[in-house]
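A quick write-up on the structure given underneath.
Naming: A, B, ... by sequence-line order, numbering from 1 per chain.
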2 protein chains.
Amino acid sequence: MQNSNHPIPTVYDVAERAGVSRGTVDRVLYQRGRVSEQSRQKVLRAVEELQYKPNSNASRLARKKEYLFSCIIPQFNEGEYWGEINNGFLEAAALLSERGVRLRLHFYDQTDVKSFLAESNAALDDKPCGIIMNAVFRDEVTLFSQQLDELGLPYAFIDNKIDETHYALYYGVDPYKSGELGAWLLSLRFPPKEIALVRLLRDSSQRADPNRPRRHGFTDYINKHFPDCTVHTVFIDPKDSCSTQKTLEKFFAEHPGIRHIGMTNSRIYLLEKYLSKHPDPERIVVGFDDLRKNLDCVKKGYVSALVTRHIPEQSKLLLTDFAESVISRRAPKRRDHYVHMDILTRMNLDNY
Amino acid sequence: MQNSNHPIPTVYDVAERAGVSRGTVDRVLYQRGRVSEQSRQKVLRAVEELQYKPNSNASRLARKKEYLFSCIIPQFNEGEYWGEINNGFLEAAALLSERGVRLRLHFYDQTDVKSFLAESNAALDDKPCGIIMNAVFRDEVTLFSQQLDELGLPYAFIDNKIDETHYALYYGVDPYKSGELGAWLLSLRFPPKEIALVRLLRDSSQRADPNRPRRHGFTDYINKHFPDCTVHTVFIDPKDSCSTQKTLEKFFAEHPGIRHIGMTNSRIYLLEKYLSKHPDPERIVVGFDDLRKNLDCVKKGYVSALVTRHIPEQSKLLLTDFAESVISRRAPKRRDHYVHMDILTRMNLDNY
DNA sequence: AGAAATTGCGTGCGCGTGCACGCAAATAAA
DNA sequence: TTTATTTGCGTGCACGCGCACGCAATTTCT
């Protein structure tokens with residue numbers, strides 16, 4: 001609690017106590033201009049004794065400095081994963097705006113390397129004081145991050161990262177562990193004999209496979225704990241619900257023993273139609289990520305559990321933390337933030 | 001994105017556009033002093049057209065107004081539930097300090113009504129602009145809230161609340177639902193035939209029983225879904241680990257069939273000693289709240305799952321939201337915040 | 001020794017608001 | 001009509017800090 005006898009000290013108080021002028025205090029605090037060693041010590045002592053902290057409101061008012069951050073993330077449709085990430089960024093930006101933080105967004109096409117290159121260049125043209133991105137195209141992102149290193153521009157990764165780069169900050173889940181958690185949930189109720197792992201067809205132009213680590217976490221867990229269990233893989237087309245339906249009908253007709261279904265990408269909602277047409281009280285379905293549509297599936301009982309983190313929270317925390325560290329010119333306390341994985345079931349869905 | 005041609009408008013811009021002086025703009029914005037209807041309209045229009053928002057940094061600098069909030073919560077030892085709540089308050093206060101928010105804390109003894117009365121009076125003496133409390137002693141809290149209503153002082157409840165009062169804000173979990181969730185988790189793996197519900201002995205002076213709703217959620221769920229299951233209640237003494245140990249030994253010796261153990265208060269860690277001495281791979285143990293010691297028990301495998309919310313998050317959000325609404329003099333968007341219940345197991349514990 | 005450059009430091013101004021003071025015009029009272 | 005009162009409104013100052021200007025004292029160069 002603030003001692004009411006001693007009101008909050010200002011530069012004037014520090015200057016007076018040190019026997020110098022405000023300007024000198026200013027020079028000492030911000031290493032601006034030349035100061036004799038003697039006055040420097042006096043000022044530092046006065047700052048220490050008075051516990052002086054600059055008034056951030058006055059400081060920002062006088063400085064009028066803006067901090068621009070550029071984000072390079074995949075395009076999205078309303079309600080999709082990257083849309084939620086985007087919402088988190090916007091929320092954080094609104095909160096930080098009074099501290100002079102500005103945001104510029106760049107969306108690229110995940111299936112098109114060139115669009116990533118274009119957007120990363122556009123981001124540089126913004127002359128930002130920090131860049132936030134994800135890492136779908138490993139080679140290009142690595143190259144880009146080297147460019148940023150040379151420019152001395154700090155950058156942060158969201159959702160996934162490239163360990164070999166000098167990123168300042170990372171927020172995301174540990175994808176491998178989240179896969180394990182999903183497999184654990186799937187097998188919690190009774191041991192699986194056969195599992196359907198549903199995957200998405202992707203056109204050949206898409207080189208990246210961002211879900212690999214999570215899928216491996218999933219299958220490794222199953223193989224380790226249930227060595228006799230077979231994992232069947234089915235591919236469905238995310239753009240064609242009709243063919244998806246046919247594929248699933250056919251697949252499950254051929255494998256009537258399957259009671260466990262998992263999907264390691266964020267689109268478990270694509271199964272809704274099939275699941276609703278073929279109810280099975282014994283079936284267990286596990287998916288990932290708290291998309292609106294996924295939550296609906298849990299609510300309706302088609303999906304037993306989702307593994308997720310609060311998606312917008314993740315990007316909100318990243319921007320807040322990143323901005324804080326850039327503004328204060330201090331490295332963040334922690335570099336890697338593997339955010340907590342939530343387990344969502346119909347029992348704890350209401351207030352998410 | 002901010003249009004760079006039109007820099008952020010100031011009162012001067014508004015005044016000029018409305019053809020009046022800064023003082024007049026100020027008067028209409030804050031309903032201070034007298035203004036002719038004609039100028040009022042002109043100013044309001046200019047504000048609208050320019051999308052004028054006062055610069056919060058300049059505003060706070062000039063105003064120098066402080067907002068004091070007083071919290072009245074139970075005493076605690078390091079690492080206990082209310083300690084975590086307290087940490088959340090402190091964290092929020094640190095973040096809000098530059099907006100002029102100050103915090104004053106009052107701790108009372110949960111077993112002593114008089115200490116609550118003393119602390120609530122002390123809180124009033126602070127002359128705060130808002131009060132945060134929990135509701136252990138229903139009658140006394142109800143009386144106190146009536147007093148606050150008369151004074152026109154807004155108050156918020158944390159953790160639990162009294163519906164009949166005119167509280168401005170509430171953050172907490174739905175205790176009944178959390179009890180249900182705990183029971184669901186306990187019975188997830190295989191249907192329970194016998195359950196041990198471990199409770200704490202409380203001295204007769206303690207009238208309040210804050211865990212009742214949660215316990216009822218728990219037992220109701222079991223009775224509804226497993227009508228043939230018997231729920232045994234065991235009382236242990238939280239202050240005497242030796243007697244606790246004896247009680248548990250005796251109880252479980254008499255009921256060798258029990259594979260399900262639940263505890264609806266926050267002290268599942270009190271069972272650690274017993275559980276570690278009597279390992280049982282089939283046993284399922286469910287507790288509540290993410291106390292450090294509870295997390296350790298999950299990590300070591302003694303406890304299968306915890307139902308919790310991130311405790312400090314809850315108080316942090318409450319203070320942030322409450323301060324925001326008091327400062328802006330607007331009612332909060334939502335009054336009741338039943339925060340999300342997390343499910344914690346050894347699979348998703350690492351980054352909590 | 002005188003001129004030129006460098007070092008150390010004090011001061012003034014502006015950032016955008018909030019608020020109090022006080023002036024002029026309009027109205028009411030004498 | 002003169003004086004008192006009210007209404008409407010403009011202006012000045014302070015908030016605490018960042019920054020630039022410029023003066024005086026000291027050192028370096030010719």
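Boundaries of the chain B contact region on DNA chain D are D:dT7 to D:dG16, first to last in 5' to 3' order (nucleotide atom under 4.0 Å from a heavy atom).
Residues A:Q41 and A:E37 have side chains that bring a donor and an acceptor to within less than 3.5 angstrom of each other.
The aromatic rings of A:F144 and A:F116 sit perpendicular, their planes meeting at an angle over 60°, well past the 30° parallel limit. A perpendicular orientation is assigned to the rings of A:H340 and B:Y352, their planes being inclined by more than 60° (bins at 30° and 60°).
Aromatic pair A:F76/A:Y81: ring centres not closer than 6.0 Å.
Judged by closest nucleotide on DNA chain C, A:V20 is the one of A:V20 and B:P54 placed further toward the 5' end. Heavy-atom nearest nucleotides on DNA chain D were determined for A:Y52 and for B:S39, and the one closer to the 5' end corresponds to B:S39.
Looking only at distances, a side-chain donor or acceptor of B:D13 sits under 3.5 Å from a matching main-chain atom of B:T10. Side chain of A:R335 to backbone of A:Y167: a donor-acceptor contact under 3.5 angstrom is found. Put simply, the side chain of B:S325 never gets that close to the backbone of B:P332: no donor and acceptor are under 3.5 Å apart. Using a distance-only test at 3.5 Å, with no hydrogens or angles considered, a donor-acceptor pair links the side chain of A:N57 to the main chain of B:E98. Between the side chain of A:N160 and the main chain of A:A135, a donor-acceptor pair closer than 3.5 Å is present. In terms of modelled atom types and a separation under 3.5 Å, the side chain of B:R104 and the main chain of B:F69 share no donor-acceptor contact.
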Distances under 3.5 Å between protein N/O atoms and the N/O atoms of nucleotides 13-15 of chain C, please, pair by pair.
none

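The end-to-end axis angle of the helix from C:dA1-D:dT30 to C:dT27-D:dA4, rounded to 10 degrees and based on five pairs per end, is 60°.
Rounded to whole angstrom, the span from the CZ atom of B:R34 across to the C1' atom of C:dA25 amounts to 14 Å.
Within 4.0 Å of A:R27, counting heavy atoms only, lies at least one base atom of the nucleic acid. Base contact: A:D26 has a heavy atom under 4.0 Å from a base atom.
Around the CD atom of A:E16, the shell of radius 6.0 Å holds no more than 12 heavy atoms that belong to other residues, nucleotides or ligands.
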